[in-house]
Novice: 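There's a structure below that I have some questions on.
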Amino acid sequence: MPTRRSVLAVPGSNPRMIEKAKGLPADEIFLDLEDAVAPAAKAAARGNIVAALNSPGWGDQIRVVRVNDWTTPWTYADVIAVVEGAGAHLDAILLPKVVDAGQVRALDLLLTQLEKACELEVGSIGIEPQLENALGLRNIDEIATASPRVQTLVFGPADFMASINMRTLVVGEQPEGYDTGDAYHHILMTILLTARAHGLQAIDGPYLQIRDLDAFRRAAARTAALGFDGKWVLHPTQIEAANEIFSPRQADYDRAEEILDAYAYHTSADGGARGAVMLGEEMIDEASAKMAHVIAEKGRAAGMVRTTRFVPPSAAEN
Ligand code: GLV
Ligand code: MG
């Protein structure tokens, strides 16, 4: 799956911002029809989005549109407009405020019909369910498996905090008065575990204090450390930070590739067919190779180049 270290939110009502976004190095750009667009501007925003998706100048970003949720009057028309208008240039639909599998299936059915009608490959448009309320989190397993189109599970912290009455107005920061642990830990781990259980990407939501890049970096580093694949960004300055934070560090990437090479060598007949061996000061085995594989895969997907080489002991002696 392509990387989604940085997921840039762009209001569909703002053609100037969409035009600028096309040249930015975010892994994914989503054009918003939902909460960043006022109700009176929704219809015009659909047209802006279709025109933008069909226009030249995009890089290789994943292109996504966030439609309105199924409780509104707008979802079906959002999906029809963007797929009929620009389905060939659309990688996925981001479906906000998902509460159950039925909502994902409804979107899946609509997409299938549209893909057939527009002569697109059936299944080519993915779905990114966004978890934004208590019911969605309780039903996350059925949501994750509701359609083979599901690619990611996305956290929506602002709506989520409102949904559970968490007492804070600063999205991404801890509620004042809760001075023990991380108030988001359960939600984040539920999303992460479900994503990993079903081979999906786990994406953290926005950090709204966009002028405070250090605070963004701290918030992103926390979910990157847990194992999340990426985070929303709301401003160009956050993109590079997210790309860096959700890529392995160079030393870790080098070490991961070295562990994989060493493990492959030592478990081979030439290397003595051993399952647990010393690599430098550390003993490595099958589990170490699995951990290394995760980091190596992330590094490769991010286009990293290794700066060290594993030399088998026999070659080193010669
Ligand atoms: C994003 O949609 C959020 O609710 O945080
Ligand atoms: Mg939201």
Side-chain angles (χ1 to χ4, degrees), residues 4-70 72-97 125-128 130 132 152 154-159 162 169-172 203-213 215-216 219-220 230-243:
R4 284 179 167 92
R5 298 164 303 175
S6 50
V7 173
L8 178 66
V10 185
S13 50
N14 191 328
R16 193 181 47 81
M17 281 176 81
I18 302 178
E19 189 55 35
K20 184 164 173 218
K22 287 185 206 165
L24 295 174
D27 287 339
E28 173 181 314
I29 293 179
F30 84 81
L31 307 176
D32 199 10
L33 283 171
E34 203 220 12
D35 286 357
V37 178
K42 301 232 189 239
R46 290 181 192 135
N48 296 337
I49 287 176
V50 167
L53 287 173
N54 286 326
S55 69
W58 289 90
D60 55 7
Q61 307 98 337
I62 301 169
R63 281 176 260 176
V64 175
V65 173
R66 180 165 73 166
V67 297
N68 289 281
D69 81 83
W70 278 121
T72 71
W74 300 302
T75 321
Y76 77 99
D78 291 344
V79 178
I80 292 169
V82 296
V83 178
E84 275 188 352
H89 305 294
L90 182 65
D91 295 304
I93 296 283
L94 177 47
L95 185 64
K97 301 181 178 69
I125 300 174
I127 297 178
E128 300 190 358
Q130 191 177 11
E132 307 203 74
T152 67
V154 182
F155 181 35
D159 276 300
L169 288 171
V170 185
V171 176
I203 308 298
D204 189 15
Y207 188 83
L208 295 183
Q209 312 270 308
I210 57 173
R211 293 215 170 80
D212 193 343
L213 192 57
F216 171 83
K231 181 171 177 63
W232 280 15
V233 292
L234 302 177
H235 193 267
T237 55
Q238 294 179 338
I239 297 175
E240 256 168 61
N243 286 348

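Note that the coordinates shown come from a computational prediction; the quantities given were computed from them, not determined experimentally. Reckoned from all heavy atoms, side chains included, excluding hydrogens, waters and symmetry mates. Residue indices begin at 1 and follow the sequence shown.
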Novice: To the nearest 0.5 Å, how far apart are CD1 in I29 and CE in M17?
Specialist: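 These two atoms lie 11.0 Å from each other.
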Novice: Whether the side chain of N68 engages the backbone of L33 through a donor-acceptor N/O pair (distance < 3.5 Å, no angle test) should be reported.
Specialist: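 Flag set: sc N68 to bb L33 pair under 3.5 Å.
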Novice: So, for A241 and L213, which heavy atoms are closest and what is the spacing to 0.1 Å?
Specialist: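 Shortest heavy-atom contact: CB-CD1, 4.3 Å.
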Novice: Is the W232 ring parallel, tilted or perpendicular to the F30 ring (thresholds 30°, 60°)?
Specialist: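 Tilted, since the angle between the ring planes falls between 30° and 60°.
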Novice: Do you know the tightest heavy-atom contact between Q130 and G156?
Specialist: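 Shortest heavy-atom contact: NE2-CA, 3.4 Å.
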Novice: Is any side-chain heavy atom of D78 closer than 4.5 Å to a side-chain heavy atom of T72?
Specialist: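 No. Closest side-chain heavy atoms not under 4.5 Å.
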Novice: List the steps, then state whether side chain to side chain contact (heavy atoms under 4.5 Å, CB included) holds for D27 with V7.
Specialist: CA-CA 6 Å; D27 287 339; V7 173; over 6 Å; no
Novice: Report the distance from atom CD of E240 to atom CZ of R5, rounding to the nearest 0.5 Å.
Specialist: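 Here the rounded value is 10.5 Å.
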Novice: Using modelled atom types and a 3.5 Å cut-off, is there a donor and acceptor pairing between side-chain atoms of K42 and backbone atoms of S13?
Specialist: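 No.
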Novice: Mind checking the CG-CD1 spacing from L24 to I239? Nearest 0.5 Å is all I need.
Specialist: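 Here the interatomic distance stands at 4.5 Å.
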Novice: Return the minimal non-hydrogen interatomic distance between V233 and A242, and the atom names on each side.
Specialist: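 So the minimum-distance heavy-atom pair works out to CG1-CB, 3.8 Å.
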Novice: Is E132 reaching over with its side chain to a backbone N or O of K97, donor-acceptor style, under 3.5 angstrom?
Specialist: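 Flag set: sc E132 to bb K97 pair under 3.5 Å.
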Novice: Look up atom CZ in R63 and atom CH2 in W58, then write down how far apart they are to the nearest 0.5 Å.
Specialist: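 With rounding to 0.5 Å, CZ (R63) is 6.0 Å from CH2 (W58).
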Novice: What heavy-atom pair brings A219 and K231 nearest, and what distance separates the two atoms?
Specialist: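 Shortest heavy-atom separation between A219 and K231 comes out as CB-CE, 4.5 Å.
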Novice: What distance do E19 atom CD and N14 atom CG have between them, rounded to the nearest 0.5 Å?
Specialist: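 Here the rounded value is 11.0 Å.
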Novice: Kindly determine whether T237 and F216 satisfy side chain to side chain contact (heavy atoms under 4.5 Å, CB included), including the steps that lead there.
Specialist: CA-CA 10 Å; T237 55; F216 171 83; over 6 Å; no
Novice: Can you list the steps and then say if D35 with R66 is a side chain to side chain contact (heavy atoms under 4.5 Å, CB included)?
Specialist: CA-CA 9 Å; D35 286 357; R66 180 165 73 166; 4.0 Å; yes
Novice: Which value, rounded to the nearest 0.5 Å, describes the distance between L8 atom CG and I62 atom CD1?
Specialist: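 So the gap between those two atoms works out to 12.5 Å.
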Novice: I18 and G12: which non-hydrogen atoms are nearest, and at how many Å?
Specialist: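 Nearest heavy atoms, I18 then G12: CD1-O, 3.9 Å.
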Novice: Which pair of heavy atoms, one from E128 and one from L94, lies closest together, and at what distance?
Specialist: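 Looking at all heavy atoms of both residues, the shortest contact is O-CD1, 3.1 Å.
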Novice: Of the options L53, V64, L90, V37, which is the one that meets L31 in a side-chain contact (heavy atoms from CB on, under 4.5 Å)?
Specialist: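 That would be L53; it is the only one of L53, V64, L90, V37 passing the side-chain contact (heavy atoms from CB on, under 4.5 Å) with L31.
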Novice: Is any side-chain heavy atom of D69 closer than 4.5 Å to a side-chain heavy atom of T75?
Specialist: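 Result no, sub-4.5 Å side-chain heavy-atom pair not found.
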